[in-house]
Amino acid sequence: MSRQVWRTEAGGHGIDRKQPVSFSFNQFRLEGYAGDTVASALLANGVRLVGRSFKYHRPRGILGIGSEEPNAILHIGEGARREPNTRATVQELYQDLVASSQNHWPSLKFDLGAAVGLAGALFPAGFYYKTFITSPKRWLWYEKHIRRMAGLGEPPTEADPDHYEHRNAHCDLLIAGGGPTGLAAALAAGAAGAKVILVEENPALGGQMLLAPQQVDGMSGQDWAEQARAQLDAMPNVQVLTRTSVAGVYEHDLFTLVERLGDHLAEPEAHQPRQRFWRVRASDAIFATGAIERPIAFANNDRPGVMLLSAVRGYLERYGILAGKTAVLFANNDSVYAAARELAAAGMRVEAIVDSRPFVSEAAALAKADKLHVLTGHGVTAARGMREVHGADVAPIDANGRLKGVTKTLPCDLIAVSGGWNPAVHLHAQSRGRMAFRDDLAAFVPDTDGAAYTSAGAVTGAYDLAECLQQGFAAGNAAAKALGLDSTAPTLPTATGDTVGEAPVLWAVQAPKGARCFVDFQNDVTTKDVGLAHRENYVSVEHLKRYTTLGMGTDQGKTSNVAGLAMMAAKRGQPIPAVGTTTFRPPYTPFTFNAMVGGHTGEIGNSVRRTAAHDWHAANGGVFTDAAGWARPMYYETEGLTPQQRIDEEVLAVRKSVGVVDVSTLGKLDIQGPDAAEFLDRVYTNRFSTLKVGRGRYGVMLREDGRVYDDGVTMRLADDHFHMTTTTNHSGSMFQHLEYLLQVVWPDLRVFVTPVTEQWFTAAISGPNARALLADLAPAVDVSNEALPMMGMAEGLVAGIPARIFRLSFSGEIAYEINVDADYGLALWNGILSAGAAHDLKVYGTEAMGTLRIEKGHFTHAEADGRITPDDLGLGGMVTKGKDCIGKRSLSLPDLVAPGRKQLVGFIAAEGERIPVGAQIAALDDLDAVQEALGHTTSQAYSATLGRHIALGLMKDGRNMHGRKLYALSPVLGERAAVEVVSPHFYDPEGGRQRG
Amino acid sequence: MMLIPCPWCGPRDETEFVYGEAALERPADPHALSDQEWTDYLYFRDNPKGEHTERWFHRAGCHHWFTVERNTVTHVISAAYPPGKAEKS
Ligand SMILES: [Zn+2]
């Protein structure tokens, strides 16, 4: 166990030195304290090389201290709980945490990609674009190498052992950000009685007040934040969510939040979700999201040991860590002077304060007077060192960062940089707010004009603590007043904090030839790449982003986007606002799919519909398939039989004796009303108003464009009462379709439609013995052909259960569909099975059902694929003349009557040959030949009845092709078969068997 | 996710609804139209950046179809009413 060499003797209000916490990094055992993040614990141990960069595999360290971190992204956890791409600066330490670095091969200290400079050659800017454009094949070759070289962490391969949940909430006011501004706003609005949700991404409230010594009302910023928290906790109308980020802002005042309940624990408690995804409708919102410090680019500015100045201060203030022994501080603003004094007081040697400004500010003068080594008008031109910094090259520079004098090297192991701040305008932008550019800050701030919500504090460019508090109170009060609440402003506290002073922008310092100055650390985008994009005429920022990948990492360019577009603007000789920003999209910080999915996993996410006989199917070898969400048995596994042999037995039982199949999944609609018959005439191509009570009719429906939509049998139960069946696929959409017609198109029709699919259990018995079986089951019902003919119906007891019996046939044999109340479904099923023993009854599944219908040439959605008309299916005669219906007008459109349309045909394979799935029909028996596809197969099966493989399909001018000998080819499967084109009615084309 | 004001149920989350399409009136007699007029009705839709009148179905609710006037840029819904009622009041 190593000692925490960089930890100060005392201090660090965020950690508990009495609670040591051990953890491992790349299998080294290390120790930190409770309250540490992984980043602070690593720094405490002097570990600063934490990863390799995405493209160039350069060594990388910790740049920042918060959620903006682009570099220090690690694997956290092991096995099923390993989470890739976790920011070390955000991940809280817990006992026995396992962290490992990403993107290195074979090891972190020796990386092959970086060693041979391979990555540099592989990845010029625009690499992805150019490779794709010039040669997609080259991309395939590159891809496997890139996968190894430039991954972003490895996801776990096991199922996630934790659970996640969603929560919906409503509030008056959502406040994003629990720093000084957000706290002040919550205190004001909360005191007025508004229902407030305050959201803070860190575990503690206080924001920047926790990361630098500041005073509010005579107490430390940290103490004031704790006091504010206590006040808010005492208000029942205020909810404070820490470890929670506002991920997105959406229309109609919807905000999504991600609350991390268990990420700071080795394992969440059994009852506890790991993360909770919130959907909050808030009447109003205040964005107190602060600002993110930006770096200044110089040569090798990505070396471990180059950090943001505010982070270096924060690690000292909150975690008691000196992030180096000897520092060169480089800034364009006055915050560097307070930092220098804090760091020096804690024992760091401040080698020099490099102030890019050409003038000597008041703070600079004071520092000089105190004998600090201040170099104004200077810049750091390069970091020295490979795996970590051991020096800084410093030279006089002009306002644009160009060298003006001699470079000298200062020894140091830390370069802390502050190039000003970028307000975190993301949420404002997501809410469609416009941006205003502040020249004095060289930053985009929310444009209040037309803004849907209020931005307050540092996000507006107010970097002064007192101003943040004042804006927070004002925003909280205004929000309360807008809600009609009586609001008395709390007394404004006195506050002293940092002064920033004048901060003339400096994006980059001129670099020596060949050196790399990084703009986007995570995606390895350099100043040179931005220049290259400009030279290659990528003028828009959106193009710049995609060409260079600037800002496309998991950090979404929080530390880099503005610098990138400022450099682009400079190259184009335009002001920054003229170049504009890229679109800010949710989420603000990355979050897991698990949180997004919440509890909607497994059957809760994808629910399974089960028929009343499901348990019987499952207990008797049923092998299930999904059909529109229903679990349907495809066939019943039988010992000693292959699936095909079993399916053949099922088919032959129907053809030779009798079979039973569960068809409860068919859509069923109860249609009633005086205009029900008229309504059906308007939705079916054929007529139903002429149907006699107690009889049924097969009908086809069209879409308005004339293509076949659905088909099924509808029975007339009474003059004004029909029972419609639909295909399983359209059982849901049919209801919506019919309601549309009734409510919108023909509101004058007096018809009610009720979906009753789940109310009925339906078993179909079919085969030559079906009538005898039914007679046994329903002794009181006259089942003779005269009393119950094809398309007739009867009501009575079946197996002792009240039933509706419809005589209709999908298989081509004598068949009855027996419908009972779904609660009695299993009883009916069992009744049929026991009576069936005397009639050689066999249960069959969807595979046999499909084979039977292919043998009969009945179409399904495989054939009626959305392009097919009734005539294409050979059903032109079903479009009744003398009445209109939905879609009929389209049937006379030129393309629908033109010759050469594909028509339904059958294909029968040569003896012993098997028709491939999804085959094309062609004249030459050659899988490699370039030849015309004459048609394609849509459904195929082995027909035990015919002893051949058969298929249905669609063929150009197919009805004139019967008798042609052609080939069914699947170049994809490498399979073929010789086929003959035949009528789709393979079996009993006259239909005598089903009527018998 | 939008908050859609069903005229029968009040404001509900978008997930309860199914989008229909632009609120067009079906021609009373399609056969009186030329092929061009009919295919215009079938296939041609305005794709406005701004106000759009459309139909939604409250599938996980009252099963009513209704008409919504929505701004396609801001998603602001300015009106929602039963079909046939006060279209474009
Ligand atoms: Zn409703």
Side-chain angles (χ1 to χ4, degrees), chain A residues 166 168 170 248-256 277 279-283 431-433 450 452 586 600 669 682 702-707 732-733 735-748 752-755 881-897, chain B residues 1-5 7-8 11-15 17-44 53-68 70-77 81-85 87:
Chain A
H166 284 180
N168 295 300
H170 295 260
V249 184
Y250 301 87
E251 62 277 357
H252 300 175
D253 301 316
L254 180 74
F255 298 81
T256 56
F277 185 74
R279 283 185 292 235
V280 180
R281 296 265 184 205
S283 310
S431 71
R432 304 189 157 272
H600 296 262
L669 294 162
R682 295 189 196 181
L702 304 180
R703 302 191 314 213
E704 197 71 285
D705 66 1
R707 273 64 176 195
S733 75
F735 172 65
Q736 192 176 314
H737 172 66
L738 298 181
E739 283 295 340
Y740 179 83
L741 295 173
L742 286 171
Q743 294 179 35
V744 179
V745 181
W746 304 309
D748 51 314
F752 282 109
V753 175
T754 310
K881 294 190 174 58
K883 77 165 188 74
D884 196 14
C885 68
I886 292 291
K888 191 171 184 183
R889 172 64 183 85
S890 297
L891 293 178
S892 58
L893 291 173
D895 276 3
L896 276 71
V897 295
Chain B
M1 186 172 46
M2 293 192 287
L3 198 60
I4 298 175
W8 287 270
R12 300 295 182 97
D13 275 345
E14 185 182 335
T15 48
F17 299 86
V18 172
Y19 177 71
E21 67 148 324
L24 302 174
E25 197 171 336
R26 184 174 191 268
D29 180 7
H31 297 273
L33 303 184
S34 70
D35 286 350
Q36 184 63 52
E37 288 165 336
W38 176 246
T39 49
D40 278 356
Y41 165 71
L42 278 183
Y43 299 117
F44 286 85
T53 307
E54 59 202 22
R55 292 210 172 84
W56 288 79
F57 180 59
H58 198 179
R59 182 169 196 157
C62 63
H63 287 167
H64 275 103
W65 280 95
F66 58 99
T67 309
V68 169
R70 178 178 64 97
N71 185 302
T72 58
V73 180
T74 62
H75 291 297
V76 168
I77 293 174
Y81 40 81
K85 296 262 170 66
E87 312 233 347

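In the text below, chain A, chain B and the rest are named by the order of the sequence lines, each starting its count at 1. The model shown is predicted, which means the values in this text are computed figures rather than measured ones.
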Asp253(A) CG to Met2(B) CE distance, which is reported to the nearest 0.5 Å
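So the CG of Asp253(A) and the CE of Met2(B) are separated by 13.5 Å.
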For [X], does the [atom1] atom have more than 12 heavy-atom neighbours from other residues, nucleotides or ligands under 6.0 Å away?
X	atom1	answer
Phe752(A)	CZ	no
Phe44(B)	CZ	no
Glu25(B)	CD	no

Can you say whether [X] sits under 4.5 Å from chain B via the side chain, the backbone, both, or neither, judging by heavy atoms?
X	result
Thr256(A)	neither
Ser733(A)	backbone
Ile886(A)	both
Val745(A)	side chain
Tyr250(A)	side chain

Contact summary for [X] and [Y], nearest pair of heavy atoms:
X	Y	value
Leu3(B)	His252(A)	N-ND1, 2.8 Å
Gln743(A)	Pro83(B)	O-CG, 3.5 Å
Asp705(A)	Tyr43(B)	CB-OH, 3.5 Å

Any side-chain heavy atom of [X] sitting closer than 4.5 Å to one from [Y]?
X	Y	value
Trp746(A)	Arg26(B)	yes
Glu14(B)	Glu251(A)	yes
Arg889(A)	Asp35(B)	yes

Is a side-chain N or O of Arg279(A) found less than 3.5 angstrom from the main chain of Met1(B), in a donor-acceptor match?
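Such a contact is absent between Arg279(A) side chain and Met1(B) backbone.
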Is a donor on one side and an acceptor on the other found under 3.5 Å between the side chain of Arg432(A) and the backbone of Val73(B)?
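Side chain of Arg432(A) to backbone of Val73(B), a donor-acceptor pair under 3.5 Å: yes, one is there.
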Using side-chain contact (heavy atoms from CB on, under 4.5 Å), reason through Asp13(B) and Arg281(A) one step at a time and then give a plain yes or no.
CA-CA 10 Å; Asp13(B) 275 345; Arg281(A) 296 265 184 205; 2.7 Å; yes
Please lay out, stage by stage, how Phe57(B) and His737(A) fare under the test side-chain contact (heavy atoms from CB on, under 4.5 Å).
CA-CA 10 Å; Phe57(B) 180 59; His737(A) 172 66; over 6 Å; no
Could you tabulate the donor-acceptor pairs under 3.5 Å formed by side-chain atoms of residues 59-66 of chain B, not counting sequence neighbours?
{"residue": "Arg59(B)", "atom": "NH1", "partner": "Gln736(A)", "partner atom": "OE1", "Å": "2.9"}
{"residue": "His63(B)", "atom": "NE2", "partner": "Arg59(B)", "partner atom": "O", "Å": "3.2"}
{"residue": "Trp65(B)", "atom": "NE1", "partner": "Gln736(A)", "partner atom": "O", "Å": "3.2"}

